[in-house]
Amino acid sequence: MTEAAGAVPRRSFSRRFLAGGAVAAAVGTAVPATRASASGAETTAPTTPAARETVRRARAGGEVRHMRMYAERLPDGQMGYGLEKGGATIPGPMIELVEGDTLHIEFENTMDVEVSLHVHGVDYDIDNDGTRMSRSTVPPGGKRTYTWRTHEPGRRKDGTWRPGSAGYWHYHDHVVGTEHGTGGIRRGLYGPVVVRRKGDVLPDKQFTVVFNDMTINNKGAGETPNLEATVGDRVEIVMITHGEYYHTFHLHGHRWADNRTGLLEGPDDPSRVVDNKITGPADSFGFQVVAGENVGAGAWMYHCHVQSHSDMGMAGLFLVAKPDGTVPGHEPHRPPGHGHP
Amino acid sequence: MTEAAGAVPRRSFSRRFLAGGAVAAAVGTAVPATRASASGAETTAPTTPAARETVRRARAGGEVRHMRMYAERLPDGQMGYGLEKGGATIPGPMIELVEGDTLHIEFENTMDVEVSLHVHGVDYDIDNDGTRMSRSTVPPGGKRTYTWRTHEPGRRKDGTWRPGSAGYWHYHDHVVGTEHGTGGIRRGLYGPVVVRRKGDVLPDKQFTVVFNDMTINNKGAGETPNLEATVGDRVEIVMITHGEYYHTFHLHGHRWADNRTGLLEGPDDPSRVVDNKITGPADSFGFQVVAGENVGAGAWMYHCHVQSHSDMGMAGLFLVAKPDGTVPGHEPHRPPGHGHP
Amino acid sequence: MTEAAGAVPRRSFSRRFLAGGAVAAAVGTAVPATRASASGAETTAPTTPAARETVRRARAGGEVRHMRMYAERLPDGQMGYGLEKGGATIPGPMIELVEGDTLHIEFENTMDVEVSLHVHGVDYDIDNDGTRMSRSTVPPGGKRTYTWRTHEPGRRKDGTWRPGSAGYWHYHDHVVGTEHGTGGIRRGLYGPVVVRRKGDVLPDKQFTVVFNDMTINNKGAGETPNLEATVGDRVEIVMITHGEYYHTFHLHGHRWADNRTGLLEGPDDPSRVVDNKITGPADSFGFQVVAGENVGAGAWMYHCHVQSHSDMGMAGLFLVAKPDGTVPGHEPHRPPGHGHP
């Protein structure tokens, strides 16, 4: 029971799924940067995060993992997925897999309405689809196990190339309110899935940003999440869109590649580098940036660039602190969401 | 007169253009899988479609082809393109070419309004543009020939790379109702064009899915097409958007690469693999999936993932049958469109 | 003080930023085609533009450049950026850089409202963000210097690949009307930025097309710009979207690659070739086409393919003339915008 990525930020917006309950440390083949550094040239220990000389990379896949997941009503009328009773969050827990892994999710519906778990990107038999038609929803108070599989890329017998499961995917309800889960998604029944390829670069911090109708992670204007990091942190953002509207995700001062990993593979990768991307419901993508690289610390906005959407508050801050913890020009004690008046 | 792809599904949604009228067999350089297999290792004949050991590939281009096409009113007030009088369909016939081919379309307007044929992606002189400004529309009862050319990729004299014509393209009216063909497109005057590169993998089955305003192939809720295949079939989907709205195309249980062919070229192709894609009017893309690969038989939904659109019925089924013809959990005698209540 | 591209079209829609004021000639490392040709095989001088045997390529970066920019009210109530007082245009001046360049912009606000300059894609410290929160806006009558930096791609100490700054980017106001510059953008405070990589192919002509709400470059129906070129010209189009709506950009008779440069790098580049692309506010991309390649001279439409948008006049012409200056089927003395009734 290991995790693809080891370091867990204290204040991520999505609680992450840590199979086996190991919260603190990366184990197995995912070697933390500090350990890799220690085994190499400890004398040249980096003095700032920006000087990191190694990255952690995803372990090999092939594990069979188990987790529990609960669908719950939240006190404010919203709904969420959680890893334990009373622990539901919006977005739901981050689920990370490596190609080749299988995940069994023991799912319990603690609500008084039928609910389900439908996932994008990974492999599952039709009776794990999370749709009413496939009879894979869960009645009020009910339980069932959803099994997701993943696979590595490889060459088929016919000579063509079979893509692997790696990607920035997501899960969501497919039955609350309508046959397409419109009510469940609106109330918060969604979460991120990251499937890595063996050797993929692992982040230091990870955030999930969901543009769900006019909210970010179901938070409206003034309550939207800020993403906190320190200069040099390798920060991963998983961006998912839900609901009714199209949006454009924009991040100030940082860019990413519009490809599978959000990272250029090298000088020959022709992918467009962008800092703004149109998305529609159920689109998902992800990327990693080195916080403040070439631009330094700051309170960097991220927002939907559809003008009326940003004006209505679809905006938050990527707070990139100096090593001393300060963010130039940003008063840290402001309530979140009021840093961008 | 050959076709790029040989196998024709009995119940495709778009009648395919078969220059010369050869319906049944692939001839010329497009060798059917069975023949290629026979010339190799016949003793290891595949027992299920999933075990296929070869693929058919597109022939070389360079042919000069001729076809007839008719614009017609359909009994229900819609309009369509067809290969013969009285044979118009929505979408219009699939036109497949290989880079280097030239196609002459003897076009007849059997309607009482001016109509045209405008195509994306291929080469044509301005007087084949299908716009009123270029004087290339066809009056009621009129005839004309549209000529489309295609070309292979190659290096220009100046050293830069000239892209070839290969792509998932489409044609549509550009004059009915408005100067941009808004009325013609709305009523059904559109169809797919696939230009292949020599050596491109050919599908076993082929479907065209057009999100045209809130319809799929001009069919509303409950009447949308189901796509039928057997586990292991190499299925090609050509996805086109028309009209006024943006959509997100989602397919359950299957994914594709967001690049030219929808197929990864190999381990170094950095393209994102997706199962959901935002599209707007006149966007087109295509891909091939191996039906049921890693997931098995089932009634897999495809739908627009804009929540109100799917709720209003922009959904259909990708019915992947077992080799015995059954689809788990799906009652085959249900009327199409009622399989996803 | 050199420019990445040397040839300046007489009637481009965006005035280009020419640091140092050298208008006519490319100097430095950007060698004009004629010179490169002269040093090679002068005897085979091209007889038509289509027969060009060389391209100019971007010089090396690393220069420190200075320019002045003014924000101004235009007589019709719109607002624009310009290189000199009284010279504001919509879009604002084209700013071209090569990776490694630094640009200092001495900015003056001649208006009676606070304004700013926010840029996408390039590097800058947070106090150059052009947002109110970062205290980097400019009061009425005020001045300040914005500094933009760019960097080449390269390998980080940790072994990962750092993307370079190259891209088709843009700048815009971030404070007029709302905290996100909705009023400024609507009135015309935006412009293109192209950052090239050393060796990138340079165009002969360059046009900026901005879909800003239902306008093109803030011009409504009948007033939209035509893009004029001659067969064989290497034409670059920088396409930016602003405002509230999504659009699809379509160009008749010409295609481009959906990657960083809009050009395929060679036969192994898997990028999709398109002639239609969905975009949302603040998305930007660019590409080069050889005017009339494989299709010849003509009045080729470009337009938004959202049907109601094109019907309302979001359309213009790419006028590709024969070497003798005539455009087949196009009457040159028509007022612009009336060529596509």
Side-chain angles (χ1 to χ4, degrees), chain A residues 33 46 50-55 201 234 246-250 252-253 255-258 263-280 288 290 292-301 303-311 315 317 320 327-330 339-341, chain C residues 118 120-121 123-127 129 131-135 149-151 153-169 174 177-182 185-186 213 241-246 257-261 263-265 268-271 278-285:
Chain A
R52 284 169 189 164
E53 297 192 354
T54 184
V55 287
V201 174
R234 179 171 286 278
Y246 91 92
H247 300 283
T248 52
F249 177 83
H250 174 48
H252 284 214
R255 292 127 246 134
W256 65 92
D258 194 16
L263 300 169
L264 290 182
E265 298 298 308
D268 298 327
D269 187 331
S271 306
R272 187 181 285 119
V273 173
V274 299
D275 68 4
N276 197 87
K277 182 175 167 65
I278 190 169
T279 70
Q288 295 174 14
V290 177
E293 188 177 43
N294 298 313
V295 298
W300 300 96
M301 281 188 184
H303 59 88
C304 179
H305 216 301
V306 176
Q307 294 296 135
S308 71
H309 297 193
S310 51
D311 289 342
L317 296 175
V320 179
V327 179
H330 184 69
H340 40 99
Chain C
H118 169 72
H120 286 237
D123 303 328
Y124 55 83
D125 297 340
I126 187 66
D127 57 1
D129 194 33
T131 53
R132 183 169 292 155
M133 188 182 63
S134 63
R135 299 175 184 84
R149 299 181 305 272
T150 63
H151 64 271
R155 204 161 289 284
R156 296 187 185 94
K157 287 183 182 177
D158 66 8
T160 61
W161 189 256
R162 187 187 64 171
S165 298
Y168 290 96
W169 306 107
H174 212 296
T178 78
E179 297 297 319
H180 289 277
T182 301
I185 292 169
R186 184 177 299 136
D213 285 341
T241 299
H242 270 305
E244 188 61 21
Y245 306 105
Y246 90 92
D258 195 16
N259 63 7
R260 175 179 75 85
T261 59
L263 300 169
L264 290 182
E265 298 299 306
D268 297 327
D269 187 332
S271 306
I278 190 169
T279 69
D283 279 346
S284 56
F285 63 96

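Letters go in sequence order (proteins before strands), and every chain restarts at 1.
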Under a 4.5 Å cutoff for heavy-atom pairs, which residue among A:K277, A:E293, A:H309 has the most contacts with chain C? A:E293
Check whether A:L263 gets within reach of chain C through its side chain, its backbone, both or neither, counting any heavy atom under 4.5 Å. neither
Polar side-chain atom of C:E244 near backbone of A:S308 as donor-acceptor pair, under 3.5 Å: yes
A:Q307 side-chain N/O to C:H242 backbone N/O, donor-acceptor pair under 3.5 Å: no
Would you mind reporting whether C:R162 and A:V290 have side-chain heavy atoms less than 4.5 Å apart? no
Which portion of A:V295 sits near chain C, non-hydrogen atoms under 4.5 angstrom: both
Do side-chain atoms of C:Y246 reach the backbone of A:H247 as a donor and acceptor pair under 3.5 angstrom? no
Within the structure provided, determine whether A:R255 and C:D123 are in side-chain contact (heavy-atom separation under 4.5 Å). yes
I'd like to know whether C:H118 forms a ring-ring contact (aromatic ring centres under 6.0 Å, His included) with A:H250, so could you lay out the CA-CA distance, the side-chain angles of the two residues, the decisive distance to 0.1 Å, and finally the verdict. CA-CA 13 Å; C:H118 169 72; A:H250 174 48; 5.7 Å; yes
At a heavy-atom separation under 4.5 Å, does A:V320 approach chain C through its side chain, its backbone, both, or neither? neither
Under a 4.5 Å heavy-atom cut-off, does chain C meet the side chain of A:A299, its backbone, both or neither? both
Sort out for me which residue in C:N259, C:T261, C:D258 forms a side chain to side chain donor-acceptor pair (under 3.5 Å) with A:R272. C:D258
Answer whether the closest heavy-atom distance between the side chains of A:R234 and C:T160 falls below 4.5 Å. yes
Within the 3.5 Å criterion, strictly below it, is a donor on C:H120 or A:N276 matched to an acceptor on the partner's side chain? no
Test A:H252 against C:H174 for side chain to side chain contact (heavy atoms under 4.5 Å, CB included), laying out the working first. CA-CA 12 Å; A:H252 284 214; C:H174 212 296; 3.4 Å; yes
Picking from A:G253, A:P267, A:A257, which has the most non-hydrogen pairs under 4.5 angstrom with chain C? A:P267
Looking at residues at least two apart in the chain, or sitting in another chain, which of them share a ring-ring contact (aromatic ring centres under 6.0 Å, His included) with A:W300? A:H254, C:Y124
Tell me which of these, A:T248, A:L264, A:N294, has more heavy-atom pairs under 4.5 Å with chain C than the rest. A:N294
ring-ring contact (aromatic ring centres under 6.0 Å, His included) filter on C:Y168, not counting sequence neighbours, yields none
Between A:H303 and chain C, which part of the residue has a heavy atom less than 4.5 Å away: side chain, backbone, both or neither? side chain
For A:S271, which atoms come within 4.5 Å of any heavy atom of chain C: side chain, backbone, both, or neither? backbone
